[in-house]
Amino acid sequence: MLHNRLLLSLLSVVLGLATSTALAALQIVPGGTWTASNGEHLNAHGAGVIQVNNTFYLIGEDKSQGSSFFAVNCYSSVDLVQWTHEGALLSRTSSSGDLGPNRIIERPKVIYNDLTKKYVMWMHVDSTNYGDAKVGVATSDTVCGKPYEYHGSFRPLGMESRDIGLFKDDDDDDGRAYLLTEDRKNGLRINLLTPDYLSISGTTSTHLFPTAIESPALLKLSSGRYFLFGSHLTGWSPNDNVYTTSTNLSGPWTDWKIFADKGSNTYASQTSFILHYGNGNVMYMGDRWHSSNLQSSSYIWLPLNISGTEVILKNRGSWVPNANSGLAWAESPAENSYEGEQGEYSGGAKEVSCSPCSKGKAAGYIGGTTTNGSVTISGVRSDSDNGGKGGGVTTIQIRYKNGDTNPRYASVRVNGGAPQKVAFEGTAGEVGVSSVVVRGGLRKGSGNTIVVSGWEGAGWGPDIDRVVVPVE
């Protein structure tokens, strides 16, 4: 019996190490373009996350049509890196009304009501001049299985409301939940919801912050301490976001303080959500808005370090979230980069000038309806066997330039695997060069190849600056 217990214990350790090794290869790349399962850029801005069992659901704004409302999208993931497009939860209607043309729907957030067994979504509802300043409410029997039923809009307690957040106190036996609402005339308010989460309870706010703060997000730790995050009001431009903390939602709250490097403008992002997941991990989720091309806006997701009442956010090129692994988040392994213009060309692909690229050059003329240019990057080294029999995957970054405002598409194949449709968002204007993140299996050694080519007649692809892969 003791022998069997030792074997089981050893097997558990081995499996744990194998799992952690596989997960260590899956990285978040802040600011990079994420291609979801539908072959399109992850389109869930101003988003929130709700976790159901071991699955995370990301619910946010579809900005593919600019600032006007088009859809509220849902994506699912078990690792916070690979995202499956589940579909639209709300979509633009052809008729007038809150969900009609030329309307604003922003910052959708979803929580679950244990009493009614409904998923409840709150959102900012507005006109294009932001004069309506209302909240809207929708419900569904499933988190992302079907569209939500929209119930209408109103001004909470008769006051203006624009950027919103939503918070359910899971430690509260009564299941209390709260609306965080930005009212420019009066300040940021915390409002208790009714037991069904469909309206505001009472006639006064739980707390009023007279400071003008938007994009609010609230976190509660096991210590019982609350942390409220938000942004100053600077339009689409980023600023040094701030936080305050308290042991009671009614206050007193500490003075607002910045939590990222001073002057970094929160690494060119704005708070959207704060996610508490697994083994005490906390992740800051922010939007990096590209105001001249909102559909290409990206995400700044970074680990938050909280000690007592102090919060620190540091920028990273990439990091490992270790979701659902029982492990703490980790720094990314060492990386190697391979210049695109030094690859092997096929079809009409060739070297082109690229002033913002790492060496002023790139592999260009990828794709094309008649030439189907491609570049093959060989000799890619990995010290881990993520492409072996275990079927593991690793994160691969492709630095690129796309001088258009609309995305270009390309096929990416790793070691002869199935082609992946990848969306390379436009880098015109304020971006220059960007990163897109793909995943593939790398074998141990220097015999790996990555091929970027056109995607099924989609026209020209991007110019490839370089490919970055983890070594370990």
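The shown structure was predicted, so the numbers you read here are calculated from the model rather than taken from an experiment. Atoms considered below: every heavy atom in the structure, side chains included; atoms not considered: hydrogens, waters and symmetry mates.
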Any ion pair linking [Y] and [X] (charged N to carboxylate O, less than 4.0 Å)?
X: Lys220; Y: Asp169; result: yes
X: Asp261; Y: Lys314; result: yes
X: Arg107; Y: Glu61; result: no
X: Arg189; Y: Glu182; result: no
X: Asp141; Y: Lys146; result: yes

Judged by modelled atom types alone, do [X] and [Y] share a side-chain donor-acceptor pair under 3.5 Å?
X: Arg439; Y: Thr395; value: no
X: Thr33; Y: Glu425; value: no
X: Ser140; Y: Glu149; value: no
X: Thr271; Y: Asn241; value: yes
X: Gln82; Y: Tyr75; value: no
X: Ser64; Y: Asp62; value: yes
X: Thr254; Y: Tyr243; value: no
X: Ser77; Y: Asp79; value: yes
X: Tyr400; Y: Asp463; value: no
X: Gln27; Y: Ser332; value: yes
X: Thr234; Y: Asn239; value: yes

Relative to the ring of [Y], is the ring of [X] parallel (under 30°), tilted (30 to 60°) or perpendicular (over 60°)?
X: Tyr299; Y: His41; result: tilted
X: Trp301; Y: Trp34; result: tilted
X: Trp253; Y: Tyr226; result: tilted

Residue pairs involving residues 120-145 (criterion ring pair (Phe, Tyr, Trp, His ring centres under 6.0 Å); sequence neighbours excluded):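 Residue pairs passing ring pair (Phe, Tyr, Trp, His ring centres under 6.0 Å), neighbours aside: Trp122-Phe154, His124-Tyr130.
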Pairs satisfying salt bridge (Lys or Arg N to Asp or Glu O under 4.0 Å), at least one member in residues 122-133, at least two apart: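 Applying salt bridge (Lys or Arg N to Asp or Glu O under 4.0 Å) to every pair that reaches into residues 122-133, excluding sequence neighbours, yields Arg103-Asp132.
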Salt bridge (Lys or Arg N to Asp or Glu O under 4.0 Å): pairs with one or both residues in residues 288-311, sequence neighbours excluded: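 Sorted pair list: Lys257-Glu310.
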Under 3.5 Å: donor-acceptor pair, side chain of [X], backbone of [Y]:
X: Thr194; Y: Ile200; value: no
X: Lys401; Y: Cys354; value: no
X: Thr181; Y: Ser161; value: no
X: Tyr338; Y: Arg381; value: yes
X: Asn129; Y: Gly131; value: yes
X: Asn73; Y: Asn43; value: yes
X: Thr266; Y: Ala268; value: no
X: Thr35; Y: Ala423; value: yes
X: Tyr267; Y: Leu313; value: yes
X: Asn448; Y: Arg443; value: yes

side-chain contact (heavy atoms from CB on, under 4.5 Å) between Lys109 and Met123, intermediate numbers included: CA-CA 6 Å; Lys109 303 293 187 293; Met123 70 210 81; over 6 Å; no
Set of side chain to side chain donor-acceptor pair (under 3.5 Å) partners for Arg408, sequence neighbours left out: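 Per chain and number, Arg408 pairs via side chain to side chain donor-acceptor pair (under 3.5 Å) with Asn402, Asp404.
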Output the distance between atom [atom1] ([X]) and atom [atom2] ([Y]), rounded to the nearest 0.5 Å.
X: Ile28; Y: Leu80; atom1: CD1; atom2: CG; answer: 5.5 Å
X: Leu219; Y: Phe227; atom1: CG; atom2: CZ; answer: 7.0 Å
X: Leu192; Y: Tyr197; atom1: CG; atom2: OH; answer: 9.5 Å

Intermediate values then yes/no, salt bridge (Lys or Arg N to Asp or Glu O under 4.0 Å), Lys421 and Glu40: CA-CA 8 Å; Lys421 179 186 178 184; Glu40 299 290 345; 3.7 Å; yes
Derivation of the side-chain hydrogen bond (donor to acceptor under 3.5 Å, both in side chains) call for Thr247 and Arg225: CA-CA 5 Å; Thr247 56; Arg225 180 167 290 277; 5.2 Å; no
side-chain hydrogen bond (donor to acceptor under 3.5 Å, both in side chains) between Glu106 and Ser67, intermediate numbers included: CA-CA 9 Å; Glu106 294 177 336; Ser67 60; over 6 Å; no
[X] side chain near [Y] side chain, heavy-atom distance below 4.5 Å:
X: Val110; Y: Leu166; result: no
X: Ile59; Y: Cys144; result: yes
X: Ile164; Y: Leu180; result: no
X: Ser199; Y: Leu193; result: no
X: Val467; Y: Gln397; result: no
X: Phe209; Y: Thr244; result: yes
X: Asp114; Y: Lys168; result: yes
X: Val242; Y: Phe229; result: no

Verdict with reasoning, Asn315 to Leu302, per side-chain contact (heavy atoms from CB on, under 4.5 Å): CA-CA 7 Å; Asn315 200 12; Leu302 288 164; 3.8 Å; yes
Ser215 and Asp163: CA distance, side-chain angles, deciding distance, side-chain hydrogen bond (donor to acceptor under 3.5 Å, both in side chains) verdict: CA-CA 5 Å; Ser215 65; Asp163 280 7; 4.7 Å; no
Reference residue Glu214; test side chain to side chain donor-acceptor pair (under 3.5 Å); the match among His232, Arg162, Gln270: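 With Glu214 as partner, side chain to side chain donor-acceptor pair (under 3.5 Å) holds for just one option, Gln270.
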Qualifying residue for side chain to side chain donor-acceptor pair (under 3.5 Å) with Asn293, from Ser297, Ser296, Ser291: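 When Ser297, Ser296, Ser291 are each tested with Asn293, the side chain to side chain donor-acceptor pair (under 3.5 Å) holds only for Ser296.
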Partners passing salt bridge (charged side-chain N to carboxylate O under 4.0 Å, His left out) against Arg176 (at least two apart in sequence or in another chain):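 Partners of Arg176 under the salt bridge (charged side-chain N to carboxylate O under 4.0 Å, His left out) test: Asp172, Asp174.
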For Asn406, side chain to side chain contact (heavy atoms under 4.5 Å, CB included) partners two or more places apart: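 Applying side chain to side chain contact (heavy atoms under 4.5 Å, CB included) to Asn406 gives Gln295.
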